[in-house]
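Notes follow the structure.
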Amino acid sequence: MSESVALHTTNDEKRSTPAIQLVGLRKQFGAGELSVHAVDGVDLSIEEGEFFSLLGPSGSGKTTVLRMIAGFELPTGGAILLQGKDVTTQPPYDRDVNTVFQDYALFPHLTVRQNVEYGLKVKKVPKAERRRRAEEMLEAVRLGSYGNRKPNQLSGGQRQRVALARALVNRPKVLLLDEPLGALDLKLREEMQVELKTIQRDVGITFVFVTHDQGEALSMSSRVAVFNHGRIEQVGTPREIYDHPSTMFVAGFVGTSNLLPAPLSQELFGVFRTHSVRPERIRVVQQTVSDVEVSVEGVVDDIQYLGADCRVRVRIADGTHLLANVPSDGLVGVAVGGTARLAWPRFAAFEVAETITSEGGDQ
Ligand code: ADP
Ligand code: MG
């Protein structure tokens with residue numbers, strides 16, 4: 001991750017051709033009143049070697065974008081460039097990409113090694129080289145000693161790694177992954193997140209990773225594009241997306257945010273615009289605070305114990321509810337039904353747009 005982040009922070013370094021460019025990409029399914037704008041004007045540039053995530057709720061157009069990059073679906077507008085070459089109307093087999101789906105179907109009657117070799121066999125790669133490359137990939141996904149097993153002798157996570165090896169053995173320039181960890185239970189999924197990131201770094205291939213899980217996207221990616229209704233609301237590093245959500249949607253979808261309506265923002269710090277502030281930036285204080293902080297009083301209407309922290313919900317005079325994450329041992333004198341004073345540093349509140357503006361979806 002550090003390398004790809006560096007790629008985006010050093011401006012003086014000359015950038016190479018992006019691995020993927022999407023230009024005004026559109027996909028409409030059906031016609032007339034029943035038509036769906038699944039992808040509604042997406043501009044995006046993904047650099048070589050990135051671990052790039054498409055994050056968004058179900059139905060926001062992520063899979064459709066991925067299928068258009070792979071060539072399984074033809075755009076109804078815009079263009080797709082791979083390594084600078086326009087492939088918009090090229091068939092899938094003419095594109096240097098491979099896809100791993102959630103329901104990775106391995107051939108049950110073939111061994112793990114034969115499954116991985118399969119694509120090379122189709123391409124008529126000689127047997128010895130086929131064998132060597134398959135072994136190399138099985139090593140890369142840490143299944144070096146599993147070559148002779150059948151898929152039903154593996155765990156879910158191991159099967160998913162075979163699917164990964166099977167895609168990577170073709171040495172694609174780009175690997176597309178559509179919710180590949182969705183079928184795994186939580187613990188295995190977390191293990192695989194770490195594994196996937198390591199594998200990506202080892203093989204140095206550009207990964208485009210689709211997920212609806214914001215934690216997954218934030219923890220694995222060099223950059224994230226947040227999708228909503230077929231459009232991109234924000235593109236940025238996980239930190240940028242989390243610390244500076246640029247729209248209400250991103251503020252609400254990625255992590256938990258408090259929204260301060262424009263009239264409240266006006267009253268508290270003199271700016272008539274909607275702002276967002278993260279619960280972990282808000283403290284419960286005993287009395288008035290310094291003028292670098294904003295503070296407001298309200299009635300505590302819920303306290304939720306999260307372990308080391310508590311989440312306190314406070315209703316303030318205009319009816320807005322604010323959530324504050326505070327250390328459990330800092331809650332002396334705070335009780336449901338009582339009043340509490342909340343405070344946060346001025347710079348912790350960010351202006352958020354109601355929706356994306358025409359510039360908002362651009363980079
Ligand atoms: P996501 O992967 O983010 O859940 P999709 O790209 O699968 O979203 O779907 C985006 C929208 O396009 C949804 O409203 C979905 O119902 C619609 N859609 C996807 N594929 C088709 C299709 N083949 N025919 C009609 N509508 C589709
Ligand atoms: Mg999908």
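These figures come from a predicted structure and were not determined experimentally. Quick note: residue numbers are just sequence positions, from 1. Ligands are counted one by one from 1 in listed order, and the atoms in each one are counted from 1 as well.
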Do any nitrogen or oxygen atoms of F29 come within less than 3.5 Å of a nitrogen or oxygen of ligand 1?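 No - when backbone and side-chain N and O of F29 are compared with those of ligand 1, no distance drops under 3.5 Å.
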Would you check the N or O atoms of V36, main chain and side chain alike, for any that come under 3.5 Å of an N or O of ligand 1?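 No.
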Report the nearest protein non-hydrogen atom to [atom]: residue, atom name, distance rounded to 0.1 Å.
atom	value
atom 9 (O) of ligand 1	T64 OG1, 3.9 Å
atom 3 (O) of ligand 1	K62 NZ, 2.8 Å
atom 12 (O) of ligand 1	A38 CB, 3.1 Å
atom 8 (O) of ligand 1	G61 N, 3.2 Å
atom 1 (P) of ligand 1	G59 N, 3.4 Å

Which atoms of ligand 1 sit under 4.0 Å from any heavy atom of [X]?
X	answer
S60	1 (P), 3 (O), 8 (O)
S58	4 (O)
P57	3 (O)

Crowded around [X] [atom1]? As in, over 12 foreign heavy atoms under 6.0 Å?
X	atom1	result
E354	CD	no
Y118	OH	no
R346	CZ	yes
R142	CZ	yes
L186	CG	yes

Check each of R166, R131, R130 against L120 using the side chain to side chain contact (heavy atoms under 4.5 Å, CB included) test, and report the only one that passes.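 Only one of R166, R131, R130 forms a side chain to side chain contact (heavy atoms under 4.5 Å, CB included) with L120, namely R130.
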Non-hydrogen atoms of G230 versus ligand 1: any pair closer than 4.0 Å?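 No, G230 has no heavy atom closer than 4.0 Å to ligand 1.
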Closer than 2.8 Å to the Mg ion (ligand 2): does that hold for any N, O or S atom in T63?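 Checking T63: at least one N, O or S atom is under 2.8 Å.
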Between F51 and F207, what is the ring plane arrangement, given parallel below 30°, perpendicular above 60°, and tilted in between?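 Tilted: the ring planes of F51 and F207 meet at 30° to 60°.
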Yes or no, since that's all I need: does a protein heavy atom fall within a distance strictly under 4.0 Å of atom 16 (O) of ligand 1?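 Neighbour list for atom 16 (O) of ligand 1 is empty of protein heavy atoms (cut-off 4.0 Å).
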Protein non-hydrogen atoms only, distance under 4.0 Å: does atom 25 (C) of ligand 1 have such a neighbour?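 Yes.
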For the aromatic rings, using the six-membered ring if either is Trp, is the centroid distance between H275 and F269 under 6.0 Å?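 Yes, they do, as the ring centres are separated by less than 6.0 Å.
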Looking at non-hydrogen atoms alone, which of T63, N228, V210 comes nearest to atom 7 (O) of ligand 1?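 Selected option, by shortest heavy-atom distance: T63.
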Would you give the length of the straight line joining atom OH of Y305 to atom SG of C310, rounded to the nearest 0.5 angstrom?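 Answer for the OH-SG pair, Y305 versus C310, is 5.0 Å.
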Which residue is it: Q193, R189, K187? I am looking for the one with a side-chain hydrogen bond (donor to acceptor under 3.5 Å, both in side chains) to E191.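 Among Q193, R189, K187, the one that satisfies the side-chain hydrogen bond (donor to acceptor under 3.5 Å, both in side chains) with E191 is K187.
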